[in-house]
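Taking it in order: structure first as structure tokens, then the write-up.
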Amino acid sequence: MTETSVRRADARANRVRIVAAAADLFAEQGFEVSFNAVAQRAGVGNATLYRHFSGLEALQQAVFLDRACQVVHLLDGLHDLDPVEGLRRFLLWTLETADLCLLQLGEGRTPDCAEIEQARMQIRVALDQILERGQAGGRIRAGIDRNDIVVAAGVLVQLARNDDVPPERKLVFLDTLLRGLQSRC
């Protein structure tokens with residue numbers, strides 16, 4: 001391995017740490033965090049942070065794209081499952097993640113970026129396919145659409161972030177939500 005390839009690998013690892021640190025801070029504090037806080041959390045210097053991201057908006061864009069790609073990857077892995085089980089896994093992941101970025105993605109309040117919009121389109125298509133299979137097979141109630149699932153995911157993110165609700169009650173809410181999506185047959 002050459003010195004240049006080692007430096008590139010190190011730079012990629014730094015970028016991954018920076019995006020993960022920013023995502024954690026966004027989840028904890030909201031989207032207006034300082035670069036100093038991100039650099040500290042990532043364990044890099046400010047110069048390293050600025051080498052990767054010109055400003056907060058560029059960093060936010062990277063975090064939203066990372067989260068959108070995670071959702072796409074998750075949904076792609078659910079195609080072979082029973083549609084109700086697929087929705088359960090997606091919504092459980094949403095509850096466990098408790099990520100404010102998911103709310104912003106669902107509401108379309110993300111930085112203007114073609115890659116993020118492309119990922120959002122993939123998410124919409126994947127949710128539509130799960131719902132169509134579930135409705136065609138009589139597993140999911142007619143009239144449920146992707147917007148209902150996006151709203152449900154948003155509610156779960158908010159619920160997950162509420163420390164006053166015990167974890168077992170959060171799971172009861174998820175179960176109740178899923179029963180409401182299912183056909184009554």
Minimum side-chain heavy-atom gap [X]-[Y] below 4.5 Å:
X: Phe90; Y: Ile130; answer: no
X: Gln61; Y: Ile116; answer: yes
X: Val38; Y: Leu56; answer: no
X: Ile18; Y: Leu49; answer: yes
X: Leu81; Y: Leu78; answer: yes
X: Ile149; Y: Leu181; answer: yes

Least distance between heavy atoms, [X] atom then [Y] atom:
X: Ala68; Y: Ile123; answer: O-CD1, 4.0 Å
X: Val19; Y: Val63; answer: O-CG2, 3.7 Å
X: Leu87; Y: Leu178; answer: C-CD2, 4.2 Å

[X] side chain to [Y] main-chain N or O, any donor-acceptor pair under 3.5 Å?
X: Gln135; Y: Arg141; answer: yes
X: Thr94; Y: Ala153; answer: no
X: Arg139; Y: Glu85; answer: no
X: Arg17; Y: Ala42; answer: yes
X: Arg161; Y: Ala98; answer: yes

Nearest 0.5 Å please: distance from the [atom1] atom of [X] over to the [atom2] atom of [Y].
X: Leu59; Y: His52; atom1: CG; atom2: NE2; answer: 11.0 Å
X: Leu171; Y: Leu159; atom1: CG; atom2: CG; answer: 9.5 Å
X: Gln60; Y: Phe53; atom1: CD; atom2: CZ; answer: 11.5 Å
X: Asp82; Y: Arg89; atom1: CG; atom2: CZ; answer: 10.0 Å

Can you tell me if [atom1] on [X] sees more than 12 non-hydrogen neighbours from other groups inside 6.0 Å?
X: Glu115; atom1: CD; value: no
X: Arg169; atom1: CZ; value: no
X: His73; atom1: NE2; value: no

Taking the six-membered ring for Trp, is the centroid-to-centroid distance between Phe31 and Phe64 below 6.0 Å?
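Yes.
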Find out if a path of hydrophobic residues (ILVMFWY) with successive side-chain heavy-atom gaps under 4.5 Å connects [X] to [Y].
X: Met121; Y: Val150; result: no
X: Val16; Y: Phe35; result: no
X: Leu174; Y: Val151; result: yes
X: Val165; Y: Leu91; result: yes
X: Leu92; Y: Val172; result: no

Tell me which one of Leu95, Asp148, Leu156 satisfies side chain to side chain contact (heavy atoms under 4.5 Å, CB included) with Leu177.
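Among Leu95, Asp148, Leu156, the one meeting side chain to side chain contact (heavy atoms under 4.5 Å, CB included) with Leu177 is Leu156.
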Show me the pairs that pass side chain to side chain donor-acceptor pair (under 3.5 Å) and involve residues 23-51, at least two apart or across chains.
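Non-adjacent pairs meeting side chain to side chain donor-acceptor pair (under 3.5 Å): Glu28-Arg41, Asn36-Asn46, Thr48-Arg51.
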Stepwise side chain to side chain donor-acceptor pair (under 3.5 Å) test for Gln70 and Asp66:
CA-CA 6 Å; Gln70 285 181 16; Asp66 180 67; 3.2 Å; yes
Can you spot which of Gln118, Glu117, Gln122 makes a side-chain hydrogen bond (donor to acceptor under 3.5 Å, both in side chains) with Arg120?
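Going through Gln118, Glu117, Gln122 one by one, the side-chain hydrogen bond (donor to acceptor under 3.5 Å, both in side chains) with Arg120 is satisfied by Glu117 alone.
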Apply salt bridge (charged side-chain N to carboxylate O under 4.0 Å, His left out) to the pair Asp128 and Arg124, showing each step before the final yes or no.
CA-CA 6 Å; Asp128 286 345; Arg124 289 190 289 265; over 6 Å; no
Return the set of residues passing side-chain contact (heavy atoms from CB on, under 4.5 Å) with Asp112 (not counting sequence neighbours), or none when no residue passes.
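So Asp112 forms no side-chain contact (heavy atoms from CB on, under 4.5 Å) with any residue.
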